Amino acid sequence: MKKQRGGQSGPHFSIHQQQRTLHTCFVPEERSLGAVFGLFGLVVEIMSDMSGIIQCVNFAAIQHKDQRRKDPEKTPYINHPIGVAQLLIEGGVSDADVIKGALLHDTIEDTNTTQQQLIDKFGPRVAGIVAEVTDDKSLSKEERKRLQIVHAASASHEAKLVKLADKLYNLRDLDRVTPEGWTRERVYQYFQWAAKVVDACSGTNEYLEAQLHELFNKWKCINNDDGVVTVQ
Ligand SMILES: Nc1nc2c(ncn2[C@@H]2O[C@H](COP(=O)(O)OP(=O)(O)O)[C@@H](OP(=O)(O)OP(=O)(O)O)[C@H]2O)c(=O)[nH]1
């Protein structure tokens, strides 16, 4: 299948068409022929690099093997990158390098993986997406959080997609259960900060942003005209 600009491909269904209709495949009452064809186009696209994607899942699983999420069930950490990749598929993303970037997105930040290793194994484009969504752990937490907002605005489209799916996954997790040791205030603060990062990525993916705004509405995070997020 011929590659288009930005790594997107699919001669029969535009990425816009896929994004608009694809998520309806996951909602039985809204399922339509167009959505099913859209899903087919996406599956063909992703399948064309299935072995590369499996290699990423395998590498991420090995690198995160001893890590757990912060929820009381101590879910295996690998569930997170796989879930972020799944959200991108739901959002109609058919660019295999973005899916790979999602699967690997925490390997540099949270394991001993280096960017050079990712370049050697998965190529410079995938490694570049991961590098863009990696925080500099040598900085203070406050500075890292501030820089995420600043960097999100000028990030590439591919990195913004991973960022949006990452935030959606984490916010859904927070909505589901409070991590061990977190107060309700800390959860609200995370929502407030995440709303600013998401705002900086606006206009990237209709589906992911709609899902995020649904959560912000539920948690009553209002992004004012002056960019200040308030919680009601
Ligand atoms: N909601 C949730 N988050 C969990 C859980 N387990 C681990 N995390 C991770 O915790 C981080 C958010 O916690 P914070 O206290 O704000 O940040 P910190 O761990 O970096 O100090 C997120 O990582 P991050 O890479 O720093 O993401 P982000 O801060 O860039 O969103 C998230 O992936 C969990 O069970 N629920």
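Order of appearance sets the numbers: ligands from 1, and atoms from 1 within every ligand. Since we're looking at a predicted model, the values are computed, not measured.
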- request: For atom 15 (O) of ligand 1, grab the closest protein heavy atom and report residue, atom and distance to one decimal in Å.
  value: R186 NH2, 2.3 Å
message: Heavy-atom contact check, 4.0 Å cutoff: does R68 meet ligand 1?
response: no
- prompt: Is there a donor-acceptor contact under 3.5 Å linking the side chains of T107 and Q63?
  reply: no
message: Quick one about N79 and T75 (side-chain donor to acceptor, distance below 3.5 Å, no hydrogens or angles considered), yes or no?
response: no
- prompt: Is the Lys NZ or Arg CZ of R68 less than 6.0 Å from the centre of Y77's six-membered ring, within 45° of the axis?
  reply: no
task: Would you check if the distance from the ring center of H80 to the ring center of H105 is below 6.0 Å?
output: yes
message: I need the atoms of ligand 1 closer than 4.0 Å to a non-hydrogen atom of Q148, numbered in the order shown.
response: 28 (P), 30 (O)
Within-cut-off N or O pair, R69 and ligand 1, under 3.5 Å: yes
- prompt: Looking only at distance, does E109 have an N or O less than 3.5 Å from an N or O of ligand 1?
  reply: yes
query: Which atoms of ligand 1 sit under 4.0 Å from any heavy atom of R144?
result: 20 (O)
task: Under 4.0 Å from a heavy atom of D71: give me the atoms of ligand 1 that qualify, with their elements.
output: 35 (O)
query: Just distances here: any N/O of D110 and N/O of ligand 1 closer than 3.5 Å?
result: no
field: Approximate separation, where rounding is to 0.5 Å, of E73 CD and E180 CD
entry: 9.0 Å
Minimum-distance protein heavy atom relative to atom 19 (O) of ligand 1: K70 NZ, 2.6 Å
field: Ion pair R125/E158, N-O distance below 4.0 Å
entry: yes
- prompt: So, does Y169 sit close enough to ligand 1 that a heavy atom of it is under 4.0 Å from the ligand?
  reply: no
- request: Identify which one of V187, D166, L215 satisfies the side-chain contact (heavy atoms from CB on, under 4.5 Å) criterion when paired with L171.
  value: L215
task: Run the numbers for me: atoms of ligand 1, each under 4.0 Å from some heavy atom of Y77, listed by number.
output: 33 (O)
Side-chain H-bond candidate by donor/acceptor type, Q116 with D120, under 3.5 Å: yes
query: Among side-chain atoms of Q148 and K196, is any donor-acceptor pair under 3.5 angstrom?
result: no
- prompt: What do you reckon, does K141 have a nitrogen or oxygen under 3.5 Å from a nitrogen or oxygen of ligand 1?
  reply: yes
- request: List the closest protein heavy-atom neighbour of atom 23 (O) of ligand 1: residue, atom name, distance to the nearest 0.1 Å.
  value: N170 ND2, 4.4 Å
task: Give the ring-plane orientation class for F59 versus F122, where under 30° counts as parallel, over 60° as perpendicular and anything between as tilted.
output: perpendicular
task: Could you list the atoms of ligand 1 found under 4.0 angstrom from a heavy atom of Y190?
output: 12 (C), 16 (O), 27 (O), 28 (P), 29 (O), 31 (O)
- request: State plainly whether the residues E142 and K145 are in salt-bridge range, i.e. N to O under 4.0 Å.
  value: no
message: Need the ligand 1 atom indices (1-based, order shown) with element for anything under 4.0 Å from a heavy-atom of W193.
response: 28 (P), 29 (O), 30 (O), 31 (O)
statement: The atoms of ligand 1 lying under 4.0 Å from a heavy atom of K145, numbered in the order shown, are 14 (P), 16 (O), 17 (O), 29 (O)
message: Within ligand 1, which atoms have a heavy atom of D173 less than 4.0 Å away?
response: 1 (N), 34 (C), 35 (O), 36 (N)
